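Scroll down for the structure; my scribbles are underneath it.
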Amino acid sequence: MKKVISTAGIFLFTLFAATAQTDDSKITDAELEKFAQAYQSVQQLNQSVQQEMVMAIEKEGMTPQRFNEIYEAEMNPEVEVDATEEELEQKSAVMVVIQEIQTSSKEKMENKIKENGLTMPQFQSIATQLQQSPELQQKLQAIMMKQQTGKNPMNEN
């Protein structure tokens with residue numbers, strides 16, 4: 001399941017990073033709060049998507065672990081795929097379902113971001129700036145903590 005999760009995580013990362021552009025504009029606290037809310041909504045959706053993927057794999061009669069072994073072997077040209085014809089057919093059927101899930105979830109994620117008052121480019125820009133700024137990361141963590149607990153850890157000294 002962990003590998004399926006990483007596959008979904010990679011999908012999410014590429015969804016947000018594919019069109020992300022570095023934007024040197026200052027991020028306001030309000031924008032960061034919107035980002036935090038959108039990020040949490042997207043994370044919850046991501047967990048649901050991961051469960052859907054696992055169910056799709058199991059419905060085809062495979063375990064997530066076996067699916068990932070075959071998938072990773074196919075992605076690595078130096079590794080020979082050790083799978084039966086039936087397993088390869090199962091994996092192919094699962095990939096069709098996973099692609100449908102990813103297409104559907106991309107639209108849902110974009111809607112979650114919009115519901116929280118950001119456009120996709122704004123969300124991507126903030127995500128890019130967060131990756132480059134430890135200070136901004138700390139601010140985001142404080143905002144997320146405050147949203148979850150109602151307390152601001154930056155003010156507790």
Side-chain angles (χ1 to χ4, degrees), residues 1-23 31-134 136-138 140-149:
M1 172 134 168
K2 199 171 212 172
K3 297 282 184 177
V4 173
I5 292 170
S6 67
T7 302
I10 291 169
F11 165 70
L12 279 176
F13 178 76
T14 55
L15 169 69
F16 297 135
T19 57
Q21 300 170 359
T22 303
D23 182 1
E31 288 172 326
L32 203 53
E33 285 181 23
K34 289 177 185 179
F35 178 88
Q37 291 170 339
Y39 179 80
Q40 289 173 334
S41 295
V42 167
Q43 286 298 98
Q44 290 171 349
L45 182 61
N46 186 34
Q47 290 174 349
S48 171
V49 167
Q50 291 168 13
Q51 290 172 348
E52 278 185 71
M53 289 180 182
V54 169
M55 288 174 20
I57 292 167
E58 291 173 344
K59 186 176 180 183
E60 281 299 321
M62 297 186 85
T63 65
Q65 180 181 355
R66 183 63 182 144
F67 171 83
N68 285 316
E69 288 170 1
I70 295 168
Y71 179 81
E72 288 177 5
E74 286 182 337
M75 293 292 117
N76 186 347
E78 297 176 13
V79 175
E80 185 176 327
V81 179
D82 182 26
T84 66
E85 193 62 38
E86 180 184 5
E87 286 178 320
L88 292 173
E89 288 173 12
Q90 289 171 321
K91 187 228 149 238
S92 292
V94 169
M95 287 305 296
V96 170
V97 175
I98 285 177
Q99 288 172 344
E100 290 170 1
I101 292 169
Q102 288 177 334
T103 300
S104 169
S105 66
K106 180 179 187 245
E107 186 177 316
K108 290 176 186 175
M109 287 177 199
E110 288 175 357
N111 287 336
K112 292 283 184 193
I113 290 166
K114 287 177 188 171
E115 286 171 14
N116 285 287
L118 294 173
T119 65
M120 196 65 181
Q122 286 173 315
F123 185 89
Q124 292 165 334
S125 175
I126 293 169
T128 300
Q129 290 180 59
L130 277 163
Q131 289 176 336
Q132 300 167 354
S133 170
L136 203 52
Q137 290 170 18
Q138 286 180 336
L140 176 65
Q141 287 174 344
I143 288 170
M144 291 174 81
M145 181 79 79
K146 184 178 179 187
Q147 287 176 351
Q148 291 173 353
T149 65

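Worth saying up front: this structure is predicted, and the values here are computed from it rather than measured.
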Item to check | side chain to side chain contact (heavy atoms under 4.5 Å, CB included) between Q147 and E33, worked out | outcome: CA-CA 9 Å; Q147 287 176 351; E33 285 181 23; 4.3 Å; yes
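- Here CE of M109 is found 11.5 Å from OH of Y39. Values are rounded to the nearest 0.5 Å.
- When every heavy atom of L45 is checked against every heavy atom of S105, the shortest pair comes out as CD2-O, 4.1 Å.
- Atoms CG and OH, from N76 and Y71 in turn, are 12.5 Å apart once rounded to the nearest 0.5 Å.
- Contact record, F35 with A127: CE1-N, 3.9 Å, taken as the closest heavy-atom pair.
- The CG atom of N68 lies 9.0 Å from the CE atom of M62; values are rounded to the nearest 0.5 Å.
- No donor-acceptor pair closer than 3.5 Å links the side chain of N46 to the backbone N or O of V42.
- Here the closest non-hydrogen pair linking S41 and K112 is CB-CD, 3.9 Å.
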Item to check | Worked verdict on Q148 versus Q40 for side chain to side chain contact (heavy atoms under 4.5 Å, CB included) | outcome: CA-CA 10 Å; Q148 291 173 353; Q40 289 173 334; 3.2 Å; yes
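- A salt bridge links R66 to E69: at least one charged side-chain nitrogen sits closer than 4.0 Å to a carboxylate oxygen.
- Other residues, nucleotides and ligands contribute at most 12 non-hydrogen atoms within 6.0 Å of the CG atom of D82.
- Using a 4.5 Å heavy-atom cutoff, the side chains of M95 and F67 are in contact.
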Item to check | Test log, rule side-chain hydrogen bond (donor to acceptor under 3.5 Å, both in side chains), inputs S125 and Q129 | outcome: CA-CA 6 Å; S125 175; Q129 290 180 59; 3.2 Å; yes
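- Shown are K108, E100, Q102, E107; of these, the side chain to side chain contact (heavy atoms under 4.5 Å, CB included) with S104 is made only by K108.
- Here the closest non-hydrogen pair linking L130 and Q137 is O-NE2, 2.6 Å.
- Distance check: Q90 CD to K59 NZ gives 13.5 Å after rounding to the nearest 0.5 Å.
- Between K91 and E87, none of the side-chain N atoms (NZ, or NE/NH1/NH2) sits under 4.0 Å from a carboxylate O, so this pair counts as no salt bridge.
- Here the CD atom belonging to Q65 is positioned 11.0 Å from the CD1 atom belonging to I70, to the nearest 0.5 angstrom.
- Between L140 and A36 the shortest heavy-atom distance is CD1-CB, 3.6 Å.
- The side-chain heavy atoms of S48 and E52, taken from C-beta on, include a pair separated by under 4.5 Å.
- Between A56 and V94 the shortest heavy-atom distance is O-CG2, 3.9 Å.
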Checklist entry - For K106 and E110, what are the C-alpha separation, side-chain angles and deciding distance, and is it a salt bridge (charged side-chain N to carboxylate O under 4.0 Å, His left out)? => result CA-CA 6 Å; K106 180 179 187 245; E110 288 175 357; 3.4 Å; yes
Next on the checklist: Test side chain to side chain contact (heavy atoms under 4.5 Å, CB included) on L136 and I126; report intermediate values, then the result.
Outcome noted: CA-CA 9 Å; L136 203 52; I126 293 169; 5.5 Å; no
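- Remark: Q122 CD to Q124 CD distance equals 10.5 Å, nearest 0.5 Å.
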